[in-house]
Peer 1: 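Sharing a structure with you now.
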Amino acid sequence: MDTYDTGSEARQGADEPRAPVPPAEPAPLLLPHPPPAPADPRTGVAALSLRYQIGAALALAIVAVTVCVHLGMTFLHVAPANAVTKQHGRAIDDWIYPEFEQNWKLFAPNPLQQNIAVQVRAQILAADGTVRTTDWYDLSAEDGRAIDGNLLPSHTQQNELRRAWDFFSATHGTDNRPVGLRGALSETYLRRIVVMRLDRDDAAGPGGSVERVQVRSVSTNVRPPEWSQEQVSDKPVHRELPWWSVTRADQVGGER
């Protein structure tokens with residue numbers, strides 16, 4: 001072996017291929033830091049200003065207190081007689097009747113077998129000092145026209161007048177005298193409703209005022225089906241109440 005056969009090439013031989021040299025890895029690219037993600041926008045009450053947040057909190061508190069009071073009054077109304085109902089029975093009745101009356105008709109309904117129409121007429125003091133009596137206003141027919149064809153009739157149109165008359169009938173005898181402590185309340189409630197309806201129909205006219213009102217009901221039996229052998233009279237039955245004087249508190253916007 002001569003002097004040229006030295007090093008790695010001499011050991012591997014001149015004709016042997018050399019091992020490939022791996023390519024150098026490229027240098028990593030330096031990217032700028034991404035901007036920080038924006039904070040989530042506030043929604044709901046948190047998006048309001050402090051003043052409106054306080055107002056919303058007060059409104060929620062009032063609603064919560066009202067719901068709790070209503071649930072408590074309803075519970076005391078349907079609960080058996082106890083010390084609380086004996087001491088505060090008048091306040092409980094004033095809260096419940098007539099809008100929130102509780103009964104068992106939902107579970108044991110008694111289908112109506114009569115059509116009852118509530119009508120009213122009034123004595124009007126005209127602007128010139130004369131007094132006249134109006135014709136009968138059929139308030140039930142007015143409610144019926146408002147409900148007919150209305151997909152979403154209001155609770156007032158459906159039940160206000162009907163429930164007022166039921167309330168009056170339940171607290172008065174056939175002689176129209178009140179029975180029990182709620183008789184006077186039912187009279188006031190019914191009177192204010194009919195006065196409000198007369199004002200809506202502009203019964204007094206320009207410059208006139210309603211001095212007295214008289215309410216009556218017209219009851220007509222519902223005809224039985226054709227296959228029934230039941231015979232009922234189709235003659236309407238009238239029940240006229242005495243004339244009621246209209247006070248300032250009864251008028252729309254009057255003092256209580």
Side-chain angles (χ1 to χ4, degrees), residues 43-46 48 52-116 118 139-140 143-144 146-147 150-197 215 217 219 239 241 244 247 249-256:
T43 59
V45 178
L48 302 176
Y52 288 104
Q53 287 183 7
I54 296 175
L58 290 176
L60 291 176
I62 293 173
V63 172
V65 171
T66 303
V67 170
C68 292
V69 171
H70 178 70
L71 292 177
M73 290 292 191
T74 304
F75 172 77
L76 293 174
H77 174 68
V78 300
N82 53 70
V84 177
T85 57
K86 290 179 181 179
Q87 184 175 359
H88 304 286
R90 182 64 179 273
I92 297 173
D93 288 344
D94 290 343
W95 181 275
I96 294 296
Y97 293 106
E99 287 85 359
F100 306 116
E101 180 182 1
Q102 306 293 313
N103 53 53
W104 290 96
K105 291 182 179 180
L106 175 64
F107 305 99
N110 182 19
L112 296 177
Q113 298 180 355
Q114 290 180 325
N115 289 322
I116 302 176
V118 180
L139 304 182
S140 296
D143 287 345
I147 295 172
N150 189 349
L151 297 179
L152 297 173
S154 68
H155 177 76
T156 301
Q157 293 169 338
Q158 297 180 83
N159 298 317
E160 182 184 56
L161 182 64
R162 180 181 62 84
R163 294 296 292 119
W165 180 255
D166 290 345
F167 184 30
F168 178 87
S169 301
T171 55
H172 286 73
T174 55
D175 57 353
N176 298 325
R177 294 183 178 275
V179 178
L181 299 177
R182 294 187 293 145
L185 176 62
S186 66
E187 290 183 9
T188 302
Y189 184 58
L190 180 60
R191 185 172 64 249
R192 291 183 178 179
I193 288 177
V194 299
V195 170
M196 178 185 65
R197 298 292 184 90
V215 181
S217 67
S219 303
R239 177 183 178 182
L241 306 185
W244 289 334
T247 64
D250 299 326
Q251 299 172 358
V252 178
E255 298 176 356
R256 291 180 176 270

Peer 1: Just list the side-chain donor-acceptor pairs under 3.5 Å for residues 77-88, sequence neighbours left out, or say none.
Peer 2:
from  : atom 1 : to    : atom 2 : distance (Å)
Asn82 : OD1    : Val84 : N      : 2.9
Asn82 : OD1    : Thr85 : N      : 3.0
Asn82 : ND2    : Pro80 : O      : 2.9
Thr85 : OG1    : Asn82 : N      : 2.8
Thr85 : OG1    : Asn82 : O      : 2.9

Peer 1: For Asn176 and His172, which heavy atoms make the closest approach, and how far apart are they?
Peer 2: O-CD2, 3.3 Å
Peer 1: Check whether any side-chain N or O of Gln158 sits under 3.5 Å from a backbone N or O of Ile147 as a donor-acceptor pair, and report yes or no.
Peer 2: no
Peer 1: Could you give the distance from OG1 (Thr66) to CG (Leu71), rounded to the nearest 0.5 Å?
Peer 2: 10.5 Å
Peer 1: Taking all atoms of both residues into account, what is the closest heavy-atom pair of Arg239 and Gly173, and its distance?
Peer 2: NH2-O, 3.1 Å
Peer 1: If I compare all heavy atoms of Asn150 with all of Gln157, which pair ends up nearest, and what's the gap?
Peer 2: ND2-OE1, 3.8 Å
Peer 1: What's the shortest heavy-atom distance between Pro178 and Ala184, and which atoms?
Peer 2: CB-N, 4.5 Å
Peer 1: Should Phe168 and Leu241 count as side-chain neighbours, where that means a heavy-atom distance under 4.5 Å?
Peer 2: yes
Peer 1: Under 4.0 Å between a side-chain nitrogen and a carboxylate oxygen: does that hold for Arg90 and Asp93?
Peer 2: no
Peer 1: Calculate, to the nearest 0.5 Å, the distance between atoms CZ and CD belonging to Arg192 and Gln251 respectively.
Peer 2: 11.0 Å
Peer 1: Ser186 side chain to Gly183 main-chain N or O, any donor-acceptor pair under 3.5 Å?
Peer 2: yes
Peer 1: Of all residues at least two apart in sequence or in a different chain, which pass the salt bridge (charged side-chain N to carboxylate O under 4.0 Å, His left out) check with Arg197?
Peer 2: Asp143, Glu160
Peer 1: Considering only heavy atoms from C-beta outward, does the side chain of Asp250 approach that of Thr247 to under 4.5 Å?
Peer 2: yes
Peer 1: If you round to the nearest 0.5 Å, how far is SG of Cys68 from CE of Met73?
Peer 2: 12.5 Å
Peer 1: Drop me the distance from Arg182's CZ to Asp94's CG, to the nearest 0.5 angstrom.
Peer 2: 10.5 Å
Peer 1: Find the distance between CZ (Phe100) and CD1 (Ile92) and round it off to the nearest 0.5 Å.
Peer 2: 14.5 Å
Peer 1: First locate atom CG of Leu161, then atom CG of Leu190, and finally report the distance between them rounded to the nearest 0.5 Å.
Peer 2: 7.5 Å
Peer 1: Is the shortest side-chain heavy-atom distance between Ile116 and Ser219 below 4.5 Å?
Peer 2: yes
Peer 1: For atom CG of Leu181, is the number of surrounding heavy atoms from other residues, nucleotides or ligands below 6.0 Å larger than 12?
Peer 2: no
Peer 1: Sequence neighbours left out, what pairs pass side chain to side chain donor-acceptor pair (under 3.5 Å) with at least one residue falling in residues 67-76?
Peer 2: His70-Trp95
